[in-house]
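To keep things clear, I will list the structure first and then write my remarks on it.
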Amino acid sequence: MKSNFIKTIEENGIEALSLIVAIAIWQFVANRIVQNKFLLPSFYDVTASFLAIIESGLIFTDTLTSLVHFSIGIIAALLIGIPLGIAMGWFRKANRAIDPIIEILRPIPPLAWIPFAIVWFGLTRQAAGFVVFVGMVFPIIINTYTGFKNIPKVYVEAAKVLGCTRNLDLIRYIAIPSAMPSIVAGIRIAMGVGWMCLVAAEMFGVSASGLGYQIWHNYYLHKMDFVLVYMLLLGFVGLLIDRFFRYYVDAKLLRWTSGTVV
Amino acid sequence: MGRVSVKNVSRVFTKREENGGTEALHAVSFDVEDGEFICLLGPSGCGKTTLLRITAGLETQTSGEITLNGVPITGPDPKRGMVFQQYSLFPWRTVIDNVTFGLEMQGVNKAEARRHVEKYIDLVGLEQFKNSYPYELSGGMQQRAAIARALANEPEVLLMDEPFGALDAQTRNILQDELLKIWEQKHVTFIFVTHSVDEAVVLSDRIVVMTARPGRIKEIVEVDLPRPRSRTSPEVNRLRDRVLRLLEEERFHR
């Protein structure tokens, strides 16, 4: 037990020490130099606020709300983005038909869609989900398409001479697995973009709860310590989602790529 | 049964900017007997790979036709297996799942397919590696697995496009010997593309020597030597010399 504990400290010593020093500097600067809770809340203030929202239960409802918004967006983006990317990557005519539309819509920053999100969906979860969807769908389409374009020809030919000749079978058994690393990378990029869009959408009033909403709400109340708590919380939840996704995907879907250098 | 007839096959590759295009094959005709081991040999760019790909159904001829047991070839079919020069195992599937791929496509369920292909994996000596992913295998082992994968469909013809081209000389010799053993055990017609005279002389019943582009048949050389063949016996050397001279003529023709 003890040797395990010491080992952990030895292995993560530098990282832990660095964090502790950063927090100490923060506390010192906020408490001794700035001395203004509005301009820079101290570590102590933030911890106290954090405990307060745990006690009131707000942390759970807001995190849950944000996760619901995010889920609506990601599910819609996967359901629409992956099939579109596949169609564009596999059928040249589909690419010619869809590509101009995508190239026109893609450069529009997702946040520019917020007014229409509110007009179309009202102040609902779907409205926030829609903004997340707009942020996520393009990286997913583009990476799925790229993955399909880079399928080595020899895999397709090998499959054909082994009796796999229908387009649907080739897509299912050859193209999708071969493009999977690229598709997964697209989803990961999209998750980062989507998370940003989520916060902005909630801030701009597409929703009346959620982590992003709380940042704006507490800013109006001049409770900057709570603003900082929610900021840190957004970072942590984002990190957790990414870690979970990475762990799950690498273990299940991409085990076969362990040998390739990325 | 695997009788292949190549009748008057030509192939012209056209590019949009030039008219006429490049003629890769010009009026090639020959017959391959059932169970025969044929090597296609020629200088690089002579269209031997194109001819093989047309036989596989991966490319089309400009004129003429190729038949298998009298039936014209129009597209890929599991009755004509192929082993590629590049490593073509599906990297997302383990060795055994690569070998079962053809059977799965025919609708055989996975458990049964696995049981069925066991013998092909044994045949190429990969029992220990059947659950490995391709990235864990050496080049020679990958080509063995590719051969097992082609054999698992029980093809009538096995088309091989310089399958040992990327391997080192020793592995190459070993795999040639193993391939001959497989050929003796299985009743399959082999059409084997190579640019190595040694390989052609060791392996084949007949060597189809092709001319430089456009590919035509220069001569079909009978290899009337008993197997197993020594790689250095006087008869083998004499034959190698003859084939090399044929190829050299081609070099001066260009």
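The sequence lines fix the lettering, A, B, ..., with proteins before strands; numbering per chain opens at 1. Worth knowing before you read on, the calculation uses all heavy atoms, side chains too, and leaves out hydrogens, waters and symmetry mates.
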Point to revise | Interface residues of residues 94-118 of chain B facing chain A - heavy atom cut-off under 4.5 Å | key: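 At a heavy-atom separation under 4.5 Å, chain A is reached by B:Phe101, B:Gly102, B:Met105.
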
**Study point:** Residues of residues 65-75 of chain B contacting chain A, heavy-atom criterion under 4.5 Å, by residue number
**Key:** none

Contacting region of [X] [heavy-atom separation from chain A under 4.5 Å]:
{"X": "B:Asn153", "value": "side chain"}
{"X": "B:Arg93", "value": "side chain"}
{"X": "B:Leu159", "value": "neither"}

**Study point:** Contact listing (chain B partner; residues 77-90 of chain A; heavy atom under 4.5 Å)
**Key:** none

One thing to verify: whether [Y] and [X] come together as a salt bridge, which I'm taking to mean a side-chain N less than 4.0 angstrom from a carboxylate O.
{"X": "B:Arg206", "Y": "B:Glu33", "value": "no"}
{"X": "B:Asp168", "Y": "B:Arg172", "value": "no"}
{"X": "B:Lys186", "Y": "B:Glu154", "value": "no"}
{"X": "A:Arg166", "Y": "A:Asp169", "value": "yes"}

[Y] backbone acceptor or donor facing [X] side chain under 3.5 Å:
{"X": "A:Glu202", "Y": "A:Gly212", "answer": "yes"}
{"X": "A:Ser18", "Y": "A:Ile14", "answer": "no"}
{"X": "B:Glu23", "Y": "B:Phe13", "answer": "no"}
{"X": "B:Arg80", "Y": "B:Thr55", "answer": "yes"}
{"X": "A:Thr124", "Y": "A:Phe121", "answer": "yes"}
{"X": "A:Ser66", "Y": "A:Leu211", "answer": "yes"}

Review point. Out of curiosity, B:Cys39 SG to B:His195 NE2, how far, rounded to the nearest 0.5 Å?
Key: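 Those atoms lie 12.0 Å apart.
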
Review point. Taking the six-membered ring for Trp, are the ring centroids of B:Tyr135 and A:Trp256 within less than 6.0 Å of each other?
Key: no

Check your understanding: Does A:Phe133 have its ring centroid less than 6.0 Å away from the ring centroid of A:Trp113?
Key ->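 They do not qualify: ring centres at least 6.0 Å apart.
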
Review point. Using a cut-off of under 4.5 Å for heavy-atom pairs, which of B:Ala56, B:Gly81, B:Gly57, B:Pro78 has the most such pairs with chain A?
Key: B:Pro78

**Study point:** Side chains of A:Phe244 and A:Ile241 in contact at under 4.5 Å (non-hydrogen atoms)
**Key:** no

Exercise for review: List in chain and number order the residues that pass ring pair (Phe, Tyr, Trp, His ring centres under 6.0 Å) with A:Phe148, two or more places apart in sequence or in another chain; answer none if no residue qualifies.
Suggested key: none

